[in-house]
Amino acid sequence: MSAPAFHPHDHSHCVHDALSEAERLCTARSVRLTEIRRRVLELVWSSHKPLGAYDILDRLTAEGHKPAPPTVYRALEFLLEQKLIHRIASRNAFIGCSHPGAPHAGYFLLCTTCGNAEEIGNSVPLAQAVAAAAGLAEFLVESQTLELAGTCRHCRHD
Ligand SMILES: [Zn+2]
Ligand SMILES: [Zn+2]
Ligand SMILES: [Zn+2]
């Protein structure tokens, strides 16, 4: 799959696939994808633009849910723990994981024009380079996120 975030596509398929995969994984792991967790995941997947906690809160409030901020934070925490979403530090926002079943580092291309984020699939050479650099420093890596900011092909051609 080559960078769907940066090409026009039927996004309803992305949302559908992400939610059914999340349900499958939660069942397999015996954890509960409660209504609020599911709705927060669906909101994170509403586009390929990273979404902040306050945007999520605003949308839930607009839908008449009026959730307390801790409820939303706990739902985000759960989704992060289950690796169904990633945190994009440079935007203080969250993005749905496009291949949540397999362990992987979060490597992202962030377009500063359209705001979309695309997860780079498991890049073995990149992961090996990071592991080698950390190994030289005798550093134990527990999590890693790489954020590359720039302009996507679609935006450069417009
Ligand atoms: Zn999509
Ligand atoms: Zn991912
Ligand atoms: Zn773009």
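For the single chain, residues carry numbers from 1 onward in sequence order. Both ligands and their constituent atoms are indexed starting at 1 by order of listing.
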Study note, to complete from the structure: Row for the Zn ion (ligand 3): angle SG (C155) to SG (C111), 10° precision, value 110°

Exercise for review: Evaluate the side-chain proximity of H86 to T145: yes if any heavy-atom separation is below 4.5 Å, no if none is.
Suggested key: no

Point to revise | H154 N/O/S atom closer than 2.8 Å to the Zn ion (ligand 3) | key: no

Review point. So, R38 and E23, do they make that salt bridge, N to O below 4.0 Å?
Key: yes

Review point. Is the Zn ion (ligand 2) less than 2.8 Å from an N/O/S atom of H99, whether that atom is in the backbone or a side chain?
Key: no

Exercise for review: Have a look at the Zn ion (ligand 1) and estimate, to 10 degrees, the angle subtended by ND1 (H11) and NE2 (H48).
Suggested key: 100°

Practice item. Could you verify whether a donor N or O on one side chain and an acceptor N or O on the other, from H9 and H48, lie under 3.5 Å apart? Key: yes

Review point. Between the side chains of T34 and R39, is a donor N or O closer than 3.5 angstrom to an acceptor N or O?
Key: no

Exercise for review: Would you kindly check if the NZ (Lys) or CZ (Arg) of R37 is within the cone defined by 45 degrees around the ring axis of F78 and under 6.0 Å from the six-membered ring centre?
Suggested key: yes

Review point. How many degrees, to 10°, between H104 NE2 and E119 OE1 as seen from the Zn ion (ligand 2)?
Key: 140°

Review point. Under 2.8 Å from the Zn ion (ligand 1), is there an N/O/S atom belonging to H9?
Key: yes

